[in-house]
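Inspection log for the structure reproduced underneath, given as structure tokens.
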Amino acid sequence: MATPLVAGNWKMNTTPREAPALAASMRDGLAAISGVTKVICPPFVSLGAVAIALDRTDVEIGAQDGHAEESGAYTGEVSMSMLSSLCQFVIVGHSERRSLFSETDADVAAKTLSAIAHGLRPIVCVGEALDVRDAGNALEYVSDQLKASLEGVTDPAGLVVGYEPVWAIGTGRSARPDVAGEMAESLRETLASLFGDEPASDIPILYGGSVTSENIGPFIDRPHIDGALVGGASLKPDEFVGIVELTASIRA
Ligand code: 13P
């Protein structure tokens with residue numbers, strides 16, 4: 001069974017001065033919780049400062065993206081090898097990267113492979129837009145998206161999958177836990193078809209989309225949801241610590 005995992009995606013929020021202060025305000029609360037992998041994903045420019053603020057705790061650090069190439073003429077980009085000395089996780093294929101920056105499944109697969117090659121744990125994000133959900137094709141669409149985003153991956157050790165329905169992100173309208181649970185079960189089957197039952201059962205599958213400390217419980221209660229990918233609520237220390245606490249107590 002997968003170890004539960006809760007990741008806070010700060011997106012493009014917090015200045016380099018604010019980020020370590022925010023991390024410090026969650027430090028004791030997060031450090032006191034065991035049984036859950038805790039990850040904070042600040043902006044690139046604050047990865048080092050947040051790592052220092054959380055030094056000597058078991059809270060891990062993640063980047064929000066990374067480039068697949070090692071180095072070279074890619075102005076503005078940051079490679080997985082650069083990130084590997086600053087953090088342990090990296091989010092790849094977030095729907096905002098896919099929709100606002102035109103990332104394809106092939107781009108996501110290249111990033112995933114590069115992350116793995118550099119010892120980073122990729123949090124590979126998938127999720128359907130509302131038109132796909134309304135057309136009744138969500139399970140097949142997201143399963144295909146996951147397969148294409150993992151093209152070339154042979155060893156899933158360290159892999160994390162985030163299911164984030166696009167219509168639930170930042171809208172205050174989370175998915176129904178049974179709907180997310182059905183998707184998580186389908187993703188588990190997809191992972192099993194790629195890697196075998198046992199390796200697939202160890203891969204944390206996270207739900208993301210308007211998660212709060214009020215609504216997290218029924219998600220974690222679903223058998224195939226192992227945690228959450230939290231946006232807005234991860235910027236509020238009490239909320240984020242509360243989400244991690246609830247996850248730990250439900251999965252204990
Ligand atoms: P919200 O929790 O703000 O809906 O964002 C979810 C998300 O995109 C996390 O990666």
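This one's a predicted model, so the numbers in the text were calculated from it and none came from an experiment. Position 1 is the first residue of the sequence; numbering continues from there. One-based numbering, in listed order, for ligands and for the atoms of each.
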Note to self: One thing to verify: whether Asp178 and Arg222 come together as a salt bridge, which I'm taking to mean a side-chain N less than 4.0 angstrom from a carboxylate O.
What the structure shows: no
For [X], counting its heavy atoms only, list the atoms of ligand 1 lying under 4.0 Å from any of them.
X: Lys11; answer: 5 (O), 6 (C), 7 (C), 8 (O)
X: Gly232; answer: 1 (P), 2 (O), 3 (O)
X: Glu164; answer: 6 (C), 7 (C), 8 (O), 9 (C), 10 (O)
X: Leu229; answer: 9 (C), 10 (O)
X: Gly170; answer: 1 (P), 3 (O), 4 (O)

Note to self: As a test of understanding, state which of His94, Arg98, Lys147, Met183 forms a side-chain contact (heavy atoms from CB on, under 4.5 Å) with Val126.
What the structure shows: Arg98
Check the side chains of [Y] and [X] for a donor-acceptor pair under 3.5 angstrom, ignoring hydrogens and angles.
X: Trp167; Y: Glu128; result: yes
X: Glu70; Y: Ser79; result: no
X: Thr3; Y: Thr37; result: no

Next item on the list: Check whether any heavy atom of Gly208 sits under 4.0 Å from an atom of ligand 1.
Entry: no
Next item on the list: Can you measure from CG (Leu120) to CG (Leu86) and round to the nearest 0.5 angstrom?
Entry: 9.5 Å
Next item on the list: Could you tell me the residue and atom name of the protein heavy atom closest to atom 2 (O) of ligand 1, and the distance to it rounded to 0.1 Å?
Entry: Gly231 N, 2.9 Å
Check: Side chain, backbone, both or neither: which part of Asn9 has a heavy atom under 4.0 Å from ligand 1?
Finding: side chain
Checklist line | Atom of His224, atom of Ala184 and distance for their closest heavy-atom approach | finding: O-CB, 3.6 Å
Checklist line | Candidate with minimal heavy-atom separation from atom 1 (P) of ligand 1, of Ser95, Cys125, Ser210 | finding: Ser210
